Number of protein chains: 2
Amino acid sequence: MQTTCKNKAYLALMQTSKEIQECIRAELAKTDLHVTEFSVLEVLYFHGKQTIHEVAQRILVSSGSMTYVIDKLERKHLLQRVPCPDDRRVIHLVLTREGEEFMQSVMPGHQERVEHFFGSLSEEESGIFIQLLGKIKHQLHVQV
Amino acid sequence: MQTTCKNKAYLALMQTSKEIQECIRAELAKTDLHVTEFSVLEVLYFHGKQTIHEVAQRILVSSGSMTYVIDKLERKHLLQRVPCPDDRRVIHLVLTREGEEFMQSVMPGHQERVEHFFGSLSEEESGIFIQLLGKIKHQLHVQV
DNA sequence: ATCAAATATCTCAAATTAAAGACAAATGAT
DNA sequence: ATCATTTGTCTTTAATTTGAGATATTTGAT
């Protein structure tokens, strides 16, 4: 029944991320947004105009889910689909002014919460943590 | 548009865990099991007999999902519900012999994959990683 | 002993997600 | 220029998950 050190790391990683997701969900409940919706807005807020495909790759959801979640966000007037004139297959997503304002009002609290989550880590430890995650993430794409 | 160091850590954590989950899903596709089903089996495999409630807490899914997923696993003869005589509200989950054998056949490959994911980390780094996750996880339960 | 509150599981409806395939547009090889 | 391939989005269907409420049991206070 012995688990290796790597397995411990794996379990800790998966469980911690899930707990964080749960906290974020609870936080977002007040705003009538779900985690996936918020993730889309977050990408646009930080990176500006993006194609649907780009956003999907960043937040790792299927194209079907993207359509669904964009529909909802568009109905809430938080973002807009903008067809790309250069490539007619492509649709860009942009925050509406309302969406921008919404994010500006929500992000401070969100950031604060994130700061709190990682508050027990020193700057140095945060740096190390990011670096280790980078190594792991890189390794994921290395073929066996 | 500047993101803090902690926010980078947060995004890296969430994205890496999601990518890993995606890898695991792809791996499990061959076995006709879904991630949640496998997670339940994993808990039982490592910790032995557990109540439904205990498993739910470990893998962080709702009670409704537990019922659903246990039904499926029971139909596949991989585990059994065993009512607890001491507390008649409680139901224990135990791997069947078939379930035990299945896990024994699958775990080596799974472990190998996990080892691969974390293969770019030294033993020392893995230890640090676990330690940092522990700090973060602990902090999650600290009230603001 | 009684009763309110807490706990463990289940049920069912609604929301979310993924998976597969369809379609249109762009790309690249010939 | 043509055509197969790839890319980006959408549609549809089926599977999964949550959330709220129901039930049964236990616990703890009176």
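By convention in this document, chain letters (A, B, ...) are assigned in the order of the sequence lines, proteins followed by strands, and residues within each chain are numbered from 1. As a basis for the values below, the full set of heavy atoms in this structure was taken, side chains included, without hydrogen atoms, waters or symmetry mates. What you see is a predicted model, and the numbers here were worked out from it, not measured in a lab.
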*Output all residues satisfying salt bridge (Lys or Arg N to Asp or Glu O under 4.0 Å) with A:Glu101, sequence neighbours left out; order by chain, then residue number.*
A:Arg97

*Separation of atom CD1 in A:Ile52 from atom C1' in D:dT11, rounded to whole Å*: 14 Å

_Degree of bending, the helix from C:dA1-D:dT30 to C:dT30-D:dA1 (end axes from five pairs; round to 10°)_ = 30°

*Starting from P on D:dG8, measure out to CD1 on A:Ile70 and report it in whole angstrom.*
14 Å

*Is the number of heavy atoms from other residues, nucleotides or ligands under 6.0 Å of B:Glu124 CD greater than 12?*
no

*asked:* Tell me the closest heavy-atom pair linking B:Ser126 and B:Leu121, and the distance in Å.
replied: OG-CB, 3.7 Å

*To the nearest 0.5 Å, tell me how far A:Leu33 CG sits from A:Leu78 CG.*
6.5 Å

_Residues from residues 87-94 of chain B lying under 4.0 Å of DNA chain D - heavy atoms_ = B:Asp87, B:Arg88, B:Arg89

Interface polar pairs with nucleotides 12-18 of chain D, N/O, under 3.5 angstrom:
unit_1	atom_1	unit_2	atom_2	d
D:dT16	OP1	B:His34	NE2	2.9
D:dT16	OP1	B:Lys72	NZ	2.8
D:dT16	OP2	B:Tyr68	OH	2.4
D:dT16	OP2	B:Lys72	NZ	3.1
D:dT16	O5'	B:Tyr68	OH	3.4
D:dT17	OP1	B:Thr36	OG1	2.5
D:dT18	OP2	B:Ser62	N	3.1
D:dT18	OP2	B:Ser62	OG	3.2
D:dT18	OP2	B:Ser65	OG	2.6

*Scan for salt bridge (Lys or Arg N to Asp or Glu O under 4.0 Å) pairs involving residues 80-95 of chain A, sequence neighbours excluded, and state none if there are none.*
A:Asp71-A:Arg81, A:Glu74-A:Arg81, A:Asp87-A:Arg89

*asked:* Near DNA chain C, counting only heavy atoms under 4.0 Å, which residues of residues 73-83 of chain A show up?
replied: none

*asked:* Does B:Ile20 form a side-chain contact (heavy atoms from CB on, under 4.5 Å) with A:Ile136? I'd like the steps, not just the answer.
replied: CA-CA 9 Å; B:Ile20 289 179; A:Ile136 295 164; 4.2 Å; yes

_Qualifying salt bridge (Lys or Arg N to Asp or Glu O under 4.0 Å) pairs with a residue from residues 33-42 of chain B, counting only residues at least two apart or across chains_ = B:Glu37-B:Lys72, B:Glu37-B:Lys76

*Which heavy-atom pair separates B:Phe118 from B:Phe129 by the least distance, and what is that distance?*
CE2-CE2, 3.8 Å

*Between which nucleotides of DNA chain C, 5' to 3', does chain A make heavy-atom contacts below 4.0 Å?*
C:dA15 to C:dA26

*How is the hydrophobic cluster of B:Val82 composed, in terms of its other members, when Ile, Leu, Val, Met, Phe, Trp and Tyr link through side-chain heavy atoms under 4.5 Å apart, directly or indirectly?*
B:Val94

*Are the aromatic ring centres of A:Tyr45 and A:His110 under 6.0 angstrom apart?*
no

*For A:Ser65, enumerate each residue passing the side-chain hydrogen bond (donor to acceptor under 3.5 Å, both in side chains) test, keeping only those at least two apart in sequence or located in another chain.*
A:Ser62

_Contact list for residues 14-36 of chain B, test ring-ring contact (aromatic ring centres under 6.0 Å, His included), sequence neighbours left out_ = none

Indicate every side-chain donor-acceptor pair of residues 12-19 of chain A with a distance under 3.5 Å to a residue at least two apart or in another chain.
unit_1	atom_1	unit_2	atom_2	d
A:Gln15	OE1	B:Lys137	NZ	3.1
A:Gln15	NE2	B:Arg58	O	2.9
A:Thr16	OG1	A:Ala12	O	2.7
A:Ser17	OG	A:Leu13	O	3.1
A:Ser17	OG	A:Met14	O	2.9
A:Ser17	OG	B:Ser17	OG	3.2
A:Lys18	NZ	B:Ile59	O	3.3
A:Glu19	OE1	B:His141	NE2	3.0

*Given the rule that I, L, V, M, F, W and Y join up when any side-chain heavy atoms are under 4.5 Å apart, are B:Val43 and B:Leu60 in one cluster?*
no

*Identify the two heavy atoms, one from B:Met103 and one from B:Pro108, that lie closest to each other, and give their separation to 0.1 Å.*
O-CD, 4.3 Å

